[in-house]
Protein chains: 2
Amino acid sequence: MSVQEKKLKHKEDSRSKILAAAKKLFVEEGIEATSIRKIAKEVDISPTTIYLYYKDKRDIVYALHLEGCSLLRTRMEVLMHVDHAFERLKAIGKAYLSFAVTEPGYYELMFMMKEPMQFLDDHGGEDYWEEGDRVFEMLIATIKDCQQEGFFKGMDVQTLSLQAWSTVHGMASLFLSGHLKQLNNLLFSEALEAEFLERTFQLYVSMLERIK
Amino acid sequence: MSVQEKKLKHKEDSRSKILAAAKKLFVEEGIEATSIRKIAKEVDISPTTIYLYYKDKRDIVYALHLEGCSLLRTRMEVLMHVDHAFERLKAIGKAYLSFAVTEPGYYELMFMMKEPMQFLDDHGGEDYWEEGDRVFEMLIATIKDCQQEGFFKGMDVQTLSLQAWSTVHGMASLFLSGHLKQLNNLLFSEALEAEFLERTFQLYVSMLERIK
DNA sequence: CAAATATACTTAACACTGTTAATAATTTTA
DNA sequence: TAAAATTATTAACAGTGTTAAGTATATTTG
């Protein structure tokens, strides 16, 4: 291994150490409570050292968001082998919601915060959200396949994909933001609250089935 | 007017002055960029004076969120006079999305931030989200009426209401958070981006119509 | 091998943030 | 008018993201 390669490796090492510490704090203490100084303390370096590896805090958030995207993507890619397209669509929806519940930190970072998208907007400008796009692409492909199976006849694929994403994202984000818990009209107990996503999703699926 | 009433009035005056300044800054400079000190400067008082009228920053956010709720509610209440239930349901959906677009500051405060719900959680505990509930109640009532008209037969009203809310909230929040703009797969121009909400909403409506 | 250079890191500092305690000014009550 | 209560302020604390300047450490060059 050449010296330059070693340096690069060291740099990547430091970057991932910082990222790992950031993720740990994000999960343990929440996204707001995580500061550059706390991350630095976790890695046992000076706060300013972080700026040698990440441009600013948003850069860290963005990097973490990318990690989340690729995690979600790998979970989805497994499902692409499901034969029946509509079954695959259901599986994707379930996996998406399950991701939101099991990885709330990642989900907030990826889909509920403005920062990563703003970072993309400022940094570069003509860049687009590649990681997000790749996941969305799988949804589009699956819905196209569903049309081959006779579902969603004559409907616009992009619009339908967007609508499906909106629905599950709406469920996930209202759940994670704590809005559902506060609704007296729903007043579900702890147990019911966990079931809500399932019930609402099932209703949506049954609606989709009817428009074969 | 008794002296005590005067005092109360003065207190309410100060509260609303602070709130007005907070709202102005929220709209003009964004939610993150608004600090207690800036609000104080806007009202021309000392920063600490604010703490005589609001417990903390979250209290201000919560108060502002309540203002937004009642604005949305009055917009909705007008629509309650629409005769046909399904037409009313469509009108509610449109009004909701229009609210998100025309009042993004309020929308973020009300439905995308965790703070107001957390404030409700901590403060009191057995309190519930009354203002949100009142708006949601209108949706529930309308969907019930739709069932009278023959729509959504045998479907659970609460689940369906939640699903409808999730859908429009998903659309609105993905739009406002800037996620849609970054999707290469959608690559809509400025003009198309404005149309997206409309198109996706129409598709959802047409889906609902099919399950009469 | 020694000097020069580049790399990695740290300390000190700036301009902010939300918030509290102590203090001053004002107004109301007795 | 004196006492009490209300209203507002200043000073300060502990924290934030971030930058500039300085210091070791390693690497390259003469």
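All of these numbers come straight from a predicted model, not from anything done at the bench. The sequence lines fix the lettering, A, B, ..., with proteins before strands; numbering per chain opens at 1.
Side-chain nitrogen and oxygen atoms of B/Tyr51 include none within less than 4.0 Å of the OP1 or OP2 phosphate oxygen of C/dA21. Here B/Tyr53 reaches the OP1 or OP2 of D/dA8: one of its side-chain N or O atoms lies under 4.0 Å away.
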### Query
Would A/Tyr96 and A/Tyr107 satisfy ring-ring contact (aromatic ring centres under 6.0 Å, His included), going step by step from the backbone distance to the final call?
CA-CA 10 Å; A/Tyr96 185 91; A/Tyr107 192 89; 5.6 Å; yes

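Distance B/Ile45 CD1 to C/dT26 P: 17 Å, rounded to the nearest Å. Atom P of nucleotide D/dA14 and atom CG of B/Asp56 are separated by 20 Å, given to the nearest angstrom. Following rounding to the nearest Å, B/Arg15 (CZ) and D/dT7 (C1') show an atom-to-atom distance of 16 Å. In this entry the distance linking OH of B/Tyr54 with C1' of C/dT19 reads 18 Å, nearest Å. B/Leu52 has its CG atom 13 Å from the P atom of D/dT10, to the nearest Å. The CZ atom of B/Arg58 sits 12 Å away from the C1' atom of C/dG18 (whole-angstrom rounding). One atom, CD of B/Glu32, and another, P of D/dT16, lie 16 Å apart when rounded to the nearest Å. Following rounding to the nearest Å, A/Ile60 (CD1) and D/dT18 (C1') show an atom-to-atom distance of 12 Å.
Within the structure, the side-chain hydrogen bond (donor to acceptor under 3.5 Å, both in side chains) test picks out the following pairs touching residues 26-47 of chain A (sequence neighbours left out): A/Lys24-A/Glu42, A/Ser46-A/Thr48. Residue pairs meeting the salt bridge (charged side-chain N to carboxylate O under 4.0 Å, His left out) criterion with at least one partner in residues 54-67 of chain A, sequence neighbours excluded, are A/Arg58-A/Asp122. Sorted by first and then second residue, the salt bridge (charged side-chain N to carboxylate O under 4.0 Å, His left out) pairs involving residues 102-119 of chain B (not counting sequence neighbours) are A/Glu108-B/Lys114, A/Lys114-B/Glu108, B/Arg75-B/Glu103.
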Every protein N/O lying under 3.5 Å from an N/O of nucleotides 12-17 of chain C:
from   : atom 1 : to      : atom 2 : distance (Å)
C/dT17 : OP1    : B/Ser35 : OG     : 2.7

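Relative to the side chain of A/Thr49, the nucleotides D/dT9, C/dT10, D/dT18 differ in distance, and C/dT10 lies closest.
Between the side chain of B/Gln163 and the main chain of A/Tyr204, no donor-acceptor pair closer than 3.5 Å is present.
Taking for each of A/Lys55 and B/Pro47 the nucleotide of DNA chain D with the nearest heavy atom, the 5'-most of the two is the partner of B/Pro47.
Partners of A/Asp145 according to the salt bridge (Lys or Arg N to Asp or Glu O under 4.0 Å) rule, which considers only residues two or more places apart in sequence or in another chain, are A/Arg88.
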Can you give the donor-acceptor pairs under 3.5 Å from side chains of residues 136-144 of chain A to other protein atoms, not counting sequence neighbours?
from     : atom 1 : to       : atom 2 : distance (Å)
A/Glu137 : OE1    : B/Asn185 : ND2    : 2.9
A/Thr142 : OG1    : A/Met138 : O      : 2.8

